[in-house]
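Worksheet: one structure, shown below.
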Amino acid sequence: MTTTEHVAPTTNNFLRTIIDEDLKSGKHSSIVTRFPPEPNGYLHIGHAKSICINFGLARDFGGRCHLRFDDTNPAKEELEYIEAIKESVQWLGFDWGEHLYYASDNFEQLYQWAIFLIKEGKAYVEDLNADEIRAHRGTLTEPGTDSPYRNRSVEENLDLFGRMRDGEFPDGTRVLRARIDMASPNISLRDPVLYRIIHAPHPHVGDAWKIYPMYDFAHGQSDAIEGITHSICTLEFESHKPLYEWFLDNLPVPARPRQYEFARLNLTYTVMSKRKLQELVQLGIVSGWDDPRMPTLAGIKRRGYTAAAVRAFCEQIGVGRSDSWIDVSILEECVRTDLNDTAPRTMAVLRPIKLVIDNYPAGQSEELQAANHPQKPEMGNRSIYFTREIWIDADDFMETPSKGFHRLTVGGEVKLRAGYIVKCTSVVKDEQGTIVELHGEYDPASREGIHTADGRKVKGVIHWVSAAHAVTAEVRLFDRLFSSANPDRGAADYKQFLNPGSVETLSECKLEAGLNGADLETRYQFERMGYFRQDPNDSHSGKLVFNRIVTLRDAWIKK
RNA sequence: UGAGGGUUAGCCAAGAGGUAAGGCACCUGGCUUUGAACCAGGCAUGCACGUGUUCGAAUCACGUACUCUCAGCCA
């Protein structure tokens with residue numbers, strides 16, 4: 001890649017070690033990996049880890065990575081998801097080139113291999129129903145027992161399997177099973193189901209098939225067909241590895257891929273299971289799969305996170321085999337690091353309160369230059385305007401300041417960022433006693449620096465916007481969706497840990513005029529407030545809507 | 001004693017018999033017109049525990065504890 005992104009130096013991991021050795025020993029001259037999602041939902045940050053591992057390894061070792069849809073269950077899959085998944089992978093910055101595959105494109109070959117197993121006496125048609133099969137399977141501590149149909153003749157199996165394919169039997173009446181070992185301590189080897197009958201249209205191959213292979217019968221063989229060298233999946237598939245290998249050993253496959261497992265990503269303050277994510281959408285707890293609070297790639301993208309930041313995050317968390325919990329703050333820190341570098345600065349007053357500069361003439365205005373980035377003069381300046389009435393943030397004023405507060409107070413002075421030093425002289429309140437307006441004076445000689453005419457240093461610098469020039473916008477502030485670090489853990493319903501304040505909508509925010517009509521893609525730093533970007537769905541010229549991507553680090557608020 | 005994994009600092013994580021990388025977090029100090037960023041420094045006499053092998057063990061052996069995964073016609 002040619003990006004100049006910040007990426008933590010890639011540390012070694014067990015997969016890199018394995019690949020290094022395979023390349024060095026000549027076992028492989030180049031590597032082929034794959035990212036194999038089932039198109040049954042939207043991708044989330046956990047998938048991003050897998051994508052970065054698979055595509056990243058291929059990139060770093062000069063190999064290639066395929067995108068393969070593991071579309072073996074038409075009951076759950078949809079075209080919509082296929083498109084959304086492609087888009088997310090591309091958004092993350094990866095390219096499968098010519099190598100887009102579907103497990104369903106291998107259905108005929110898989111079917112022939114099933115027949116091969118039947119002829120070898122290694123597969124049989126099962127007439128038992130699902131409950132009976134379960135009863136025969138045994139338990140974790142007890143062996144299973146053979147099905148009465150286990151010893152059918154090859155001819156009968158061939159006949160029945162052909163009729164299954166022809167659609168002669170209804171769903172659930174028969175399955176094809178591998179004939180392995182009902183007493184195996186590894187349950188996935190107790191005559192696993194290979195094919196089941198599903199009369200449903202398939203998003204990729206239409207209604208060509210009435211029987212569909214299970215994951216186990218499709219995955220390794222698809223890897224072999226595509227010439228995958230390193231088939232990398234998550235740890236829960238580890239117990240399937242002997243089965244994965246059993247098929248490769250017992251079928252005339254064209255290659256011998258190897259499966260390796262890594263620990264899936266667990267992130268704090270969110271849930272990651274597809275079922276729960278879907279429930280949040282269905283119950284209307286979030287606005288959709290792309291709600292900016294969702295851990296989906298669609299949500300993260302809409303929120304304004306950059307792909308570079310997500311990649312840096314995946315690089316930073318590493319790859320291991322031990323169960324781990326990554327704190328969301330690490331993801332947020334990656335976003336800040338990326339945006340600090342690239343985001344132009346601007347000022348926005350989120351909770352406006354008016355400050356009237358009594359010693360500045362009404363109707364007058366003056367143009368000031370503000371740097372777009374304090375450390376990058378090459379990013380240029382922008383014009384802002386100083387006038388008699390300006391907006392400042394309500395949080396930047398305290399009538400009776402708490403200890404350590406160094407913003408504006410009555411009688412106190414503060415520097416307006418890129419502007420003058422102002423002093424607050426009085427407070428105007430309504431009958432209820434709420435502050436409606438502040439009055440103050442400015443020091444005309446204080447344009448440069450933070451020192452007053454008599455040499456004192458002003459402690460606070462605050463952001464502000466000219467009332468005469470400001471544009472009004474809606475700003476959405478997001479917080480974590482859950483108030484518990486592990487809403488998923490324990491017996492309690494995860495929904496009871498929902499954070500009621502996960503979104504706060506402020507509708508009367510005052511922004512610099514330059515933000516009106518700004519490019520939708522540009523991420524800005526609203527100085528002292530965080531990083532923001534327009535909501536791609538809801539923001540338009542008539543109504544500006546900004547999402548807060550992430551706050552700035554705040555050493556003051558922590559105290 | 002069903003099988004298979006895992007355990008290195010608060011959170012991740014490198015390490016493959018030669019004396020504990022790195023990142024985040026945290027703490028000091030510096031710099032600063034963002035309480036931001038940045039810079040400098042600090043942060044494991046110890047690698048779940050125990051025993052053994054060895055001149056030498058996070059690395060090897062044995063045992064123990066805790067923890068995760070598997071009993072879908074899901075992936």
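A, B, ... follow the sequence lines: proteins, then strands. Residue 1 opens every chain. Both backbone and side-chain heavy atoms feed into the values below; hydrogens, waters and symmetry mates do not.
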Under 4.0 Å between any heavy atoms, over every strand shown, what does [X] touch: base, sugar-phosphate, or nothing? Just pick one.
X: A:Glu126; answer: nothing
X: A:Gly404; answer: base
X: A:His240; answer: base
X: A:Asp171; answer: nothing
X: A:Arg174; answer: nothing

Does the distance from a Lys or Arg side-chain N to an Asp or Glu carboxylate O, for [X] and [Y], drop under 4.0 Å?
X: A:Asp393; Y: A:Arg407; result: no
X: A:Glu226; Y: A:Arg68; result: yes
X: A:Asp166; Y: A:Arg163; result: no
X: A:Asp127; Y: A:Arg152; result: yes
X: A:Glu315; Y: A:Arg311; result: no
X: A:Arg480; Y: A:Glu332; result: yes
X: A:Lys24; Y: A:Glu21; result: no
X: A:Glu245; Y: A:Arg258; result: yes
X: A:Arg523; Y: A:Asp338; result: no

From [options], nucleotide with atom closest to [X] side chain:
X: A:Arg345; options: B:A75, B:G72, B:U34; answer: B:U34
X: A:Gln316; options: B:G23, B:U34, B:C74; answer: B:G23
X: A:Ile187; options: B:U33, B:G23, B:A71; answer: B:A71
X: A:Ile326; options: B:C70, B:C12, B:C24; answer: B:C12

Verify the stacking flag for A:Trp556 against B:G35: centroid separation must be under 5.5 angstrom and the ring planes must differ by under 30 degrees.
->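 Stack criterion met.
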Got a donor-acceptor pair under 3.5 Å from the side chain of A:Gln375 to the base of B:A36?
->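 Such a pair exists between side chain and base.
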Is the base of B:G35 touched by the side chain of A:Arg407 through a donor-acceptor pair closer than 3.5 angstrom?
->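 Counting by modelled atom types and ignoring angles, a donor-acceptor contact under 3.5 Å is found here.
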Whole angstroms only, please: what is the [atom1]-[atom2] distance between [X] and [N]?
X: A:Phe237; N: B:C68; atom1: CZ; atom2: C1'; value: 16 Å
X: A:Asn186; N: B:G2; atom1: CG; atom2: P; value: 15 Å
X: A:Leu189; N: B:G2; atom1: CG; atom2: P; value: 19 Å
X: A:Asp338; N: B:A37; atom1: CG; atom2: C1'; value: 14 Å
X: A:Leu331; N: B:G23; atom1: CG; atom2: P; value: 19 Å
X: A:Arg417; N: B:U32; atom1: CZ; atom2: C1'; value: 9 Å
X: A:Leu408; N: B:G35; atom1: CG; atom2: P; value: 14 Å

Just to confirm, is there a sub-4.0 Å distance from OP1 or OP2 of [N] to any side-chain nitrogen or oxygen of [X]?
X: A:Arg134; N: B:G72; answer: yes
X: A:Arg190; N: B:A71; answer: no
X: A:Asn12; N: B:G15; answer: yes
X: A:Arg528; N: B:U32; answer: no

Kindly label the base of B:G72 as syn or anti, based on whether its glycosidic torsion lies within 90° of 0.
->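 Syn for B:G72; the angle stays within 90° of 0.
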Between A:Val205 and A:Phe107, is any pair of side-chain heavy atoms under 4.5 Å apart?
->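 Result yes, sub-4.5 Å side-chain heavy-atom pair found.
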Between A:Glu236 and A:Asp216, who's closer to the 5' end of RNA chain B by nearest nucleotide?
->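 Closer to the 5' end of RNA chain B: A:Glu236.
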Can you list every pair that meets salt bridge (Lys or Arg N to Asp or Glu O under 4.0 Å) and has a residue in residues 235-244 of chain A, with sequence neighbours left out?
->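 Counting only pairs at least two positions apart or across chains, the salt bridge (Lys or Arg N to Asp or Glu O under 4.0 Å) contacts touching residues 235-244 of chain A are A:Glu236-A:Arg264, A:Glu238-A:Arg321, A:Lys241-A:Glu261.
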B:U53 and B:U1: how far apart are their C1' atoms, nearest whole angstrom?
->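 Taking atom C1' in both B:U53 and B:U1, they lie 26 Å apart.
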Pairwise P distance for B:A13 and B:U7, with rounding to whole Å |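 To the nearest whole Å, 9 Å.
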Watson-Crick and G-U pairing of RNA chain B, under 3.5 Å, as dot-bracket with | and [ ] | .(((((((.[[[..)..(...]]].(((((.......))))).....[[[[[..)....]]]]])))))).....
Any chance you could lay out the ring-ring contact (aromatic ring centres under 6.0 Å, His included) test for A:Phe69 and A:Tyr101, step after step, and finish with the verdict?
-> CA-CA 6 Å; A:Phe69 287 102; A:Tyr101 300 97; over 10 Å; no
Those residues of residues 139-150 of chain A lying under 4.0 Å from RNA chain B by at least one heavy atom |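 A:Thr139, A:Leu140, A:Thr141 - these, ordered by number, are the residues of the stretch whose heavy atoms sit under 4.0 Å from the strand.
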Of all of residues 270-278 of chain A, which get a heavy atom below 4.0 angstrom from RNA chain B, listed by number?
->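 Correct list: empty, so none.
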Please report the shortest heavy-atom distance between A:Arg150 and A:Asp146, naming the atom on each side.
->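 The pair with the smallest heavy-atom distance is CD-CG, 3.5 Å.
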Does any pair with a residue in residues 312-345 of chain A pass ring pair (Phe, Tyr, Trp, His ring centres under 6.0 Å), and if so which ones, sequence neighbours excluded?
->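 Residue pairs with at least one partner in residues 312-345 of chain A: there are none.
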Between protein and nucleotides 6-9 of chain B, what N or O pairs are separated by less than 3.5 Å?
none

